[in-house]
Structures are given as C-alpha cells and as structure tokens.
Amino acid sequence: MKSTLTHTAPAKPAPPGPLEAFERFEKRAGHAGPPWLRALRTSGISYFGELGFPAAHHEDWRFTTPSVLAERAYAPAPRPDVQIPGVASLSLVPDGELEAHRLVFVDGHFAPRLSRVLPLEPEQVVTNLREALEFQSSLVESFLGRAARHETSAFAALNTAFLEDGAFVYLPAGRELAAPVHLLFVSSQPGVVSHPRVLVVARAGARAQVIEEYVSLGEQAGFTNAVTEIAAGPGAQVEHVRLQRENGASLHVGTVEARQYKDSRVLSHSVSTGARLARHNIHLRFEEPGCEGVLNGLYTGAGDQLVDHHTIADHRSPHCQSHEFYHGILSGRSRGVFNGRIYVRQDAQKTDAKQTNRNLLLSNEATVYTKPQLEIWADDVKCTHGATVGQLDENAVFYLRSRGIGEARARRMLIGAFASETIGRIGVEALRARLDETLQAWLAEELAAPGPLPLPHPPGLTT
Amino acid sequence: MTPLLEINQLNATVEGRQILKGLSLTVHAGEVHAIMGPNGSGKSTLASILSGRPGYEVTGGSAALDGEDLLGMKPEDRARKGLFLAFQYPVEIPGVNSTYFLKAALNEVRKARGLPELDALEFLEFIKAKMKVLELDPSLLNRPVNEGFSGGEKKRNEIFQMAILEPRLAILDETDSGLDIDALRIVAEGVNRLRKPDNAQVVITHYQRLLDYIVPDYVHVLHDGRIVKSGGKELAYELERRGYDWLTSEARPVSPELTTA
Amino acid sequence: MNTNNDTIQGLVGGDYKYGFVTDVEADAVAPGLNEGVIAAISRKKNEPGFMLDWRLKAYRHWLTLQEPRWANLRYPPIDYQSIVYYSAPKKAGQGPKSLAEVDPKLLETYERLGIPLHERERLAGVAVDAVFDSVSVATTFREKLAELGIVFCSFSEAVQQHPDLVRKYLGTVVPYTDNYFAALNAAVFSDGSFCYIPKGVRCPMELSTYFRINAANTGQFERTLIVAEEGSRVSYLEGCTAPMRDENQLHAAVVELLALDRAEIKYSTVQNWYPGDAQGRGGIYNFVTKRGLCKGRESKISWTQVETGSAITWKYPSCVLLGENSTGEFYSVAVTNHYQQADTGTKMIHIGRNTRSTIVSKGISAGHGQNSYRGLVRIRKSAENARNFSQCDSLLLGDRCGAHTFPYLEAANPTARVEHEATTSKIGEDQIFYCNQRGLATQDAVNMIVNGYCKEVFKQLPMEFAVEAQKLLGVSLDGSVG
C-alpha cells in the first residue's frame, strides 16, 4: 500500500516532502523536550515513511482522494509574526457567553497572550503541550502516543513526527473540571500545514468538557492535520466537541482516538461545516467492561465541499454501550461520506450498540456515500444500524400541514429539526444555542436558493 | 342556511381499492354527529379524505366546508378554513418542539381568519388556560411533538391542539381507542367544552362507550363505504345491544334525504 | 447456551447427505490452463469460430487481472494450473437425445439428490436441465416448451442450434472484462443453461437446472443466460451439490439475465455445494458472478438464494435497473457453520426513473462460520424518484462465529429514498424458555425461531424449493413456516 510521493504542481516550486521537512524540523526543534519525545517523533516519521499517503483505491479513502492532501506542504507553518486582532471574535461563541479555559493556537503555535486559564484545583492541568513536555515530562509520557495509532494511520504518524504545540488537559482522580476547556485553532497563513495535538487525560471519576474549534483567518487554503487523544479512567466522563468551521479552501484531517476504562463515558460530538475537504477519523475503544460511548455528529456541505467521517466504536469488553447518531445535510455539488464501524470482539458479550446515519440531499448535484458497517464476533449482543438518504417523514409533513402550516414551511421546519436533533445532544449550552442559530440561518439560506425546492415528494399524490 | 359540512355521493379509492362508495352526509353548525361502523367500513378513510391525506384518491362526489369545495384544497388550507382532525395515531415528530409547532400552527390559522399573530408571550398566556382543562403536564410542551408521549398523552394532546386552533369542524378519529376510563372522561370533557353553536363535531368510533361522554345529536352507521342507517343517539345503544350484523347483512344505501338532519 | 449449541449442530451441522461419488467414466482434459486447453474445450464442443475468439479474448484479459482479495474471506492461494477445466461423463459423440439415453448411473445420482427426472417429468411441474460436472445431461420437457417458442436447453446445444441468439446476448450483461472469475469463466466455461422466452410468453412451468460436481480436481464453470423478451415471464430454479472430498474444488459460474419491457425473471438458487467437514477440510470454493439487467421499462428481476453449502462463497447477484419503473429484488438466506465463510450480498444500480429495489438478507452464523453481507445500492443522478429498502439481519448461534455487514449506499439524486436497516441477534434463552413452557422441545423451538427468521426469504421460493431449503436447515415443516 506504499505510494511514492511525486510532486505534481509544475508551475509552483514543489513543496518539501515530509521526510525532508522532518529533517529541517528536527534541526530546529529536536533538541528541545525530553529524549523520549525525540524517539516518539522519529517513530512517527518512520511509520509515515512506511505507510505513505493512502493510495486512492484504499478502501478507507475511496471517496476522499488523499492525493489532494499528498500534494500539500508538510513542514509546520512558521510562527506568525502578525498580531491577530480579536482572535476571540473568531469563535462561534462570543467571549462573554462561555466561561471557559481558552487556549488559542495560531497556525499550530500556542498564542499565550490570546489565551487564558481560569483558576484550577490542585493537580489539575490545562496548558500548552510543549510546556507540559518540559515540566511534566513523565506524566505526559505515560499517555502521549498511546491512543493514537501512528503505526497504522499515516496522518497520525505525520502529526506525531511534527509534534510540538497543542493542549494538555489532565484531571486527577475524582475531580471535575468546573469550566469547559475551549481550544481555538486559527489557521492564518496560506499554503502551510499545522499538526496540532491534544491530549486529554481524565483519571478515575474525573469529568471534563473539551471543545476544539477550528477556524481560518481570511480565505486562503491551509492544511490542518490534528490529532486528539483521550484517556478516560474508571468512571470518568469526557465530553468532547469538535467544531470544524475552516474556510472553504482549507484541507482538514482530524483524528480523535479515545481509550476507555471501566464504566467510563465518552461523548464525542463532531460538527463539520467548513473546509473544502474535511476528513474526520473518530475512534472510541472500550478496553474494560461497563463503558459507554456516544458518537454524535452533524455534517453540512455546500458548493464543492467534501466532508467525510469515519468512525469506529470498538467493543473489546463486555457490557459496553455505544450510541451513534450522524446526520448529514448536503447541498450544492457537495459530497458527504460516512463510514461508521461497530466492532464487537469475541469477549464483548452483552454489547449494546446502535448506530444511525441519516442524510438529506438539498440539491440535484449533491451526493452521499454511506457505509454503516457491523463486524461481530460475539453472540450475545444487541446491535442495530440504520442509514437513510433523502427523506423527510411524509406523515410528519402531513401532520404539520393538517394543522395549517404550509408545505414548504413544514419541510423547512423538519429539516431544521433534523439539524437540531444532533446539536441538541451537546452539553455545553452556550455553544449549543449559537450552533443551532448558525445552522438554522445557513439552512434558511440554502433552502431559499432559487429554483424549485428539490425535496423528496412521493409520486401519485391525488388530494 | 349553508351546512357546515356537506358530503355528497363521495367515492374514493386507496391503492386502487374502492373504500368509499357513494357516501353522503350533512352536518350543520351546532351539531355533533357520530359515525360508527365495523372495522374496515371506511371510517378512517373518510377522516383521511376530508383532511386531505396523500394517497387517497377521490373518484367521484363532492365535499364542501361552509359551501366551499374541500377536495381541491391543500391539507393546510383545509386546516386554515377550520377543519381539524384528531388523529387516531398521532405521529411522533422528533426534534420539532411542541410549543414552536403549536405557535406556528396557531398563527397560520389566525392569519387565515384575519386575526393578528400572537407573539411568544401572548401565546404562552393563551395556551396556559387550555392546558389545565386537559390536565396536560406543562413539560410536554418542551418536548418534541408527541415524542415519548404515552397513548393517553397523545390523545389529550390532540384535543389540546383542537382547543387552541378552535376549528369550525372537528373530526375525532377513534379518539377513544387506547384510553382508560379516566383519560376518556378528561378527553370527552375537553371536547364538550369546545362545543359551540357555530361549530360542529364528527366523532368516529367503533364503540358506543365514547358516546356516553360525548353525546351525539345524530348517529350514522357506515358499512362498506356508505351510510346504511342513521338515527338519534338511541341508535348507538341499539348497536351496542345488537352489534352490527343486523344492519350489515342487508346493507343498502339510504337516500341522502334520510341522512340529512 | 449448551443445550442450544447441541441443537444448532443438529440444525445446521447435519451430515452432508449429498457427498457420494458417482462412478462414471469421464472424458477430461489434463489439468492446467493455456490457450491449447481452451481451444480443446471449444473443439470438444464443436463450437463456431466466434466462440473460440471470445474465449481467447477472455483468457488473455484474465491473464492481466489479479485475483480479488477485498472480500472478508481467508483461504490459501488457488493454483489455477492444477485444476481440470473440462470433465464430462464419457459417452461418445453428442449428448443424450432423451432420458432413455442417459447413463442410468447418472439418473441414479439425481435420484439420490432428490431430483428424479422421471418423476419430475410426471409431475409436469418442472423442466430440469441437469449439469453434471461440466456438461448438460438431460433436459426435460423440451417439446412442450418448444411449442410456445421457448428455448430451454444446455448452453452447448444453444451454441449449435441458436448461434445467433447466443452471439447476440452472450456477455452483454456480464462481459468477460467484468471481474477475475467472470473472465476465467468466459475462457473455459463448458456448459450451462440457455433460456429464451419470446415476446408475450409466460412460461407455464418452473424451469430448473441442477448442477453437480462429481469428478475430483475438477472446476465447474457453467454459464447461464436467460433472455426474457417484451412482456414475457419466467421463473427459474437452480440447485447445486458436490461429493465430499478433502481437497477444495473451484466453482466459478456466471449467470446473465436480461429483461426487456415489462418482462419478469425470477431466479431462485438453493446452493448446497459440499461445505467441507467439521474441521474445515475440503469444500467448494464458490466464486460466482450473477447479474440481471432490467433493460426494459417496468421490467423486474428477482433473485432468491439459499446458501447453505460451499467452504467459501463469493457471490453478489445484482440488478442493473436501467428501464423506467423497473424493479430489482434480492432475498437471501446464507448459513455458515463449522469453518465455512460467506461474503455475499447484492448490488442494485438505479439508473432509470422510478426504479425500485428491495433487499432482504438473513445471515446465520454457527460454529466457526464467518458470514458477511456486502451490498451496494447506487442511485445515479438520472434515477429520479428511485427507492431502495434494505434489511440485513444476522443471527449468531454460538460465540466462535462472526457476522459482518458491509452495506454501501450511494445516492446522487435528491428525490431518492434509500433506507437500510440491520440488526444482529441471537436466539434468546427467554424465547426458548417461553416455547418450552408452552410444551415445545428445545430443538423444535430453535427450528421454529430460525424458520421464522428466514420466513421472509423462504416465501419467495417456489414450493418445492422452499421445502428443500427448510430441509437443508434441518427444520421440520411444522411451526411458523408458511
């Protein structure tokens, strides 16, 4: 599955290949941080060298051509020297509405002056990863690179090779993080890549909410290759929100890898509205009995956007539950890809796994590819999945109409509700409200587009 | 006086099968009519046809509300004109908040009646009183429409919507099915309170039980797509005693005059 | 679950009853594949030049292909040079003219298989074309069908007697370029069935082919072609068995169906090739390409399969819905026990407006069996108002087996409705107990539940096949089966 890295842009000078970029990066950053980090990065680049970018016919990349990504630069963006005015206003949630620890990263580099950490309880950590690597090296070492599988994922490997800044959230046993952590990743320079890394560790019984928000400054193309690792100890609960709203020229690859231990809960939300090409890999892995995982997501596409979610709920232990809800709304010429996998390993008896993926196409040019997938090796399990494309419940449409609501409005209401349903599961209220508002406005605009409302309509209506 | 509802020789098919075969019925303002009949006689089809449910094809006859042709109207226009159907199986609509839904519906109906729309505060004021009558848990309003409602809650919610939309003609489709006796009484009381000289109700039911609580002025027996017998409320008791067989075995259409009050 | 496991063995693990070998002298070519072998096959069958050309083109194309490995199947490499590509019961000259000419030993074989041709003839319900190893042995009811203009004969005969029809339709639905096994089949196929239903004719009886692999080290590469002209209708049944042998045998068949305007083809299969023994030794490798083209408007193609045999099953009977208002259906029961593996499902390609498809797949895994459903529903941009509904259920009997679902749904038209549902379940102890409490033995309860689970598919089968299918599941007729 190796692919040779050929550079195809004849007009522009070829961007440096990843291996070359790594050499330069090593020279600059290699001496900083603990020795084990250097080894980790080196293993990252060597795995990447072995894996290469996934080939176009790779099953996991059938619809999201990785060659677009392979043509990009790999070197981390230089630290921007421009002062960015009002970074906080880039967030969907205005500063005053969300009381949160806020760490801001510009082109992958931590921006301390734009960040603020609220008072923490003893032993709790919310900090730039680089700082933690320096001062809490052994603590970080126990968790970093343990969940993300850079052995098998080229993008995780690449991120690991260039690992530097990012967020480190650590919660000792039994403590709840009072305020959410809000991580804002701003892409400001065109044609460069950032490899942000987030590590969230919640020890036994701890609770935390972490929001990652990805935005762009300006309209030029950037490339974000983010990796998040979550470790949820026994009885811990982590709610993780991934909000991808980069500009329409950007490329975005986001990976979330969670390891769950006894009776823990991880709630993963992914809302993806931005980027020209967005690929999300979200994996929950139940290592011990009694875990619960929620995979909740909403993706929207317009214009030429391609948005791709690959999720895995990996049941490796008995008595675990996973609930997955992904909704997609696609308009323009956009393409939506969903691949949800449920693995139930041989020992994972009494698994309860549910998955639904529903899609609405709002235009004649939009396409959806969905592949809900079950792989089961245990017999005493309850697993269901369902996927639908292109339908509003006609009974619901009729019910609304029978109460006097016009047909077009009835359909708009139901599409709005379709979007709200996933948003409604997000536990951070301020964010939920803003998101819903933004999405409803987007929908109103998409549905107001000229031309007939291309919504499903059963044939043969006579009354 | 123009009748509120006038159905004349209505014929209708569902998926190519003829269900209504020349049904005629006239309802004036201030009246309550009960339509009874065995399973499969066409009772629910009548409700669906009148409310304009897709998939039902009218192949002959007419139906008018306040003298206006009903069958050519879109379902929402029928609702705005004052036709209300209390569904036998109210559908669950995940994600659509009940309050939002009701306010949208009410304002559509008010607009059609030339009344000003209500803002959020006025609306809440307006519905508070109506909730009490039906002993509805106010928290239901914060839930999606009908989602997770019990059977009784769904039926009460239908009548609650009826109270809010104040229809000219309400059709209650097997509203008693699935209700215990207490819930039945609450629903019936709600319906009775809504009875006014300028509106009318058509109660579709299989059993006489509901008619102890909602007392009809007229009772019609529907069989094989037509009304085969009409009478006063005492007909319901006779049906309760004798069943439907004595009527259906010699089923024949009666003339429209007989069914007209 | 111990009690259950015992009954499950009884249920799907019964001894293979069709594992006998018939001792007939065979006319075979030497093992191996090259252009000479292909020419020899073509020569033995006395084929016209266009057939040999086509075979050679297919062979040359095959040489450029790699064996597909994307399926969820594990098996050692197949040595294509050790396979015998042609084997026929020795009977010099041409095929038998009537049943009287058929080798009595062969007839006895079919008798043991449960398809006595004589009896069938009397029953007047089914016309059987039996393929033994690679050649068609007897075709019943020829004359009766011929009166209606229906052609139903072995493929070899069709090549001799209806070369124009063969030339016109061969490879139009499954071209030799389609996939690795289809290319191999096109190069070496030795026989199969051919069926042509003229315009407006409703075939008055079920047409049936029975396939059997008898000789050792023999590959069976049959090819079936059914053409249903405008307004015609046909129901076709296919059954398969093979003797028990320790080594694996390859079966790579191709079935092409073509339905023109308002034509309807119903194709039912009960596949009971030898599955290998309880330790996973031996068994048929079944790599089959089946596709139907609904070319005409309002045409309909319906696939029903009951897959209980074979060590490896790789099979995706598909429908290309080109004609407006055309319909495709796929009903499947697939059982894997011991070390059997199945990767099976369907493809529904919606191209025309108002096209409809239905998929019902029931997988049953027991022992160490691995059962995968793999299906594609593709709604092309042109397929206005297309509808698909898929239901894919898995039943797991025991904790060493696997059930996997790989549905691919692709929709490029906003008026399309695609719905996919899948569930995985086991037979609940509470269900068994409930039945026990009502007086049913555990075995009967399991039979009843499994039958109920498969009912939706069984009811698609013609009566005799439904019975056979149920027998194959070791299930008595009582209980919930209708």
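Note on naming: letters A, B, ... go to the chains in the order of the sequence lines (proteins, then strands), and numbering restarts at 1 for each one.
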ask   = How long is the gap from OG1 on C/Thr405 to CG on A/Leu374, to the nearest 0.5 Å?
value = 4.0 Å
query = Looking at side-chain heavy atoms only, is the closest gap between C/Thr424 and A/Thr384 below 4.5 Å?
reply = no
task = May I ask you to list the residues in residues 317-338 of chain A that approach chain C closer than 4.5 angstrom, counting heavy atoms only, ordered by number?
result = none
request  = Measure the CD1-OG1 distance between C/Ile379 and A/Thr367 for me, rounded to the nearest 0.5 Å.
outcome  = 11.5 Å
task = May I ask you to decide if C/Phe406's main-chain N or O and A/Lys371's side chain share a donor-acceptor pair within less than 3.5 Å?
result = no
inquiry  = Need one label for C/Asn388: side chain, backbone, both or neither, based on atoms under 4.5 Å from any heavy atom in chain A.
reply    = neither
query = Does CZ in A/Arg316 sit with more than 12 non-hydrogen atoms of other residues, nucleotides or ligands closer than 6.0 Å?
reply = yes
ask   = Would you call C/Lys426 and A/Asp380 a salt bridge, using N to O less than 4.0 angstrom?
value = yes
request  = Take atom CZ of C/Arg74 as the centre, draw a 6.0 Å sphere, and report whether it contains more than 12 heavy atoms from other residues, nucleotides or ligands.
outcome  = no
request  = Pick one of side chain, backbone, both or neither for C/Gln370, based on which atoms fall under 4.5 Å of a heavy atom in chain A.
outcome  = side chain
request  = Side-chain contact test, heavy atoms from C-beta onward, threshold under 4.5 Å: evaluate it for A/Glu365 versus C/Lys381 and give yes or no.
outcome  = yes
ask   = Are the side chains of A/His385 and C/His420 in touch, meaning some heavy atoms are under 4.5 Å apart?
value = yes
inquiry  = For chain A, which candidate among C/Glu421, C/Glu410, C/Arg378, C/Glu384 shows the most heavy-atom pairs at distances under 4.5 Å?
reply    = C/Glu410
request  = Give me the contact list for residues 296-312 of chain A versus chain C, heavy atoms only, anything under 4.5 Å, ordered by residue number.
outcome  = none
key: Residues in side chain to side chain contact (heavy atoms under 4.5 Å, CB included) contact with C/Glu419, at least two apart in sequence or another chain   = A/Thr388, A/Gln391, C/Phe389
message = With chain C as the partner, which of A/Pro372, A/Ala378, A/Gly386 has the greatest number of non-hydrogen pairs under 4.5 Å?
response = A/Pro372
ask   = Is the shortest heavy-atom distance from the side chain of C/Arg374 to the side chain of A/Gln373 under 4.5 Å?
value = no
remark   = Residues of residues 345-353 of chain A with a heavy atom under 4.5 Å from any heavy atom of chain C, in residue-number order, are A/Gln346, A/Gln349
task = Nearest 0.5 Å please: distance from the OG atom of C/Ser425 over to the CD1 atom of A/Ile376.
result = 9.5 Å
request  = Find out whether A/Glu375 and C/Asn72 are in side-chain contact, i.e. whether some heavy atom of one side chain is under 4.5 Å from a heavy atom of the other.
outcome  = yes
inquiry  = Using heavy-atom distances under 4.5 Å, tell me whether A/Ala387 contacts chain C through its side chain, its backbone, both, or neither.
reply    = both
Heavy-atom side-chain contact between C/Pro414 and A/Ser363 under 4.5 Å = no
query = Which heavy-atom pair separates A/Leu361 from C/Ala411 by the least distance, and what is that distance?
reply = CD1-O, 3.8 Å
